[in-house]
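The next block holds one structure in the form of structure tokens; read it before the comments.
Residue numbers count from 1 along this sequence. Just so you know, these numbers come straight off a predicted model, no measurement behind them.
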Amino acid sequence: LSCLRGVNATLLAEQSYDPEFSRIFTFLPSIDGKFVSMEPSKDTRENADKFPEVRMMIGFSKNEGTLFVEMYSAAKALQTEEDFVALCERIAKHYLHPIDVSLPQVRAAVVEAYFGKSANHFNDAAEFLADGTFNCPTNALVKSYAKTHGNVYVFHFERLFRNAFK
């Protein structure tokens, strides 16, 4: 943490964004000042001996995807199920483990799990983005790290903030 305090926040944000890869920020975890370039949950399984024996605290918030779904201009104009599915197809291509929402079974599952679950489809898309980008990868890391290192403390903030990022 002390190394981040000396870094210009704008420079850090610019380095965390990869416009060639995705419109999503690429947050990479670090250990002892070195960025972990591989998938953290895979690293903890395959390279368990290289991870320090420390207690971990990790988590996410209920509306984690709200800020990031705004990067997709179509998110604000979602009207129909077709609009929603088309946006989810774009989002899912950039997941750590991409899914093909155009497949009938996947599409049906995505629509059932997310579409129409909140007051507007923007929030439905934000939840879809959050699950694939933050929540599921975090849960995978927690399970993997706990198997090899033990103590993991997980938080999940449930409080929703109205117009948090608008």
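- Here the closest heavy-atom approach between residue Tyr72 and residue His94 is recorded as OH-CD2, 3.7 Å.
- In this structure Asp131 satisfies the side chain to side chain donor-acceptor pair (under 3.5 Å) test together with Tyr114, Asn135, sequence neighbours excluded.
- For the pair Val106 and Val101, the tightest heavy-atom approach, listed with the atom from each and the gap, is CG1-CA, 3.7 Å.
- Side chain of Thr138 to main chain of Phe134: a donor-acceptor pair is present (N/O by atom type, distance under 3.5 Å, no hydrogens or angles).
- Listed by chain and residue number, Thr80 satisfy the side chain to side chain donor-acceptor pair (under 3.5 Å) test with Asp83 (two or more places apart in sequence, or in another chain).
- In this structure, the side-chain contact (heavy atoms from CB on, under 4.5 Å) partners of Ala125, at least two apart in sequence or on a different chain, are Val69, Leu78, Phe84, Leu87.
- Contact check for Val110 versus Phe115: no side-chain heavy atoms found under the 4.5 Å cut-off.
- Judged as a ring-ring contact (aromatic ring centres under 6.0 Å, His included), and not counting sequence neighbours, the contacts of Phe155 are Phe157.
- The shortest heavy-atom contact between Ala130 and Gly65 is CB-N, 3.5 Å.
- Residues forming a side chain to side chain donor-acceptor pair (under 3.5 Å) with Asp100 (at least two apart in sequence, or on another chain): Ser102.
- Applying the side chain to side chain donor-acceptor pair (under 3.5 Å) test to Glu82 and every residue at least two apart in sequence or in another chain returns Arg107.
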- request: Please test Lys76 against Glu70 for side-chain contact (heavy atoms from CB on, under 4.5 Å), starting from the C-alpha separation and ending with a verdict.
  value: CA-CA 7 Å; Lys76 294 180 181 176; Glu70 282 190 341; 4.2 Å; yes
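- Between atom OG1 of residue Thr133 and atom CZ of residue Phe68 there is a gap of 8.5 Å, rounded to the nearest 0.5 Å.
- Sequence neighbours left out, not one pair with a member in residues 114-127 passes salt bridge (charged side-chain N to carboxylate O under 4.0 Å, His left out).
- Evaluation of the side-chain contact (heavy atoms from CB on, under 4.5 Å) rule for Lys147 yields no partner, not counting sequence neighbours.
- Residues passing the salt bridge (Lys or Arg N to Asp or Glu O under 4.0 Å) test with Glu89, sequence neighbours excluded: none.
- By the side-chain contact (heavy atoms from CB on, under 4.5 Å) test, Val154 is found to be paired with Ile58, Val142, Val152, residues two or more places apart in sequence or in another chain being considered.
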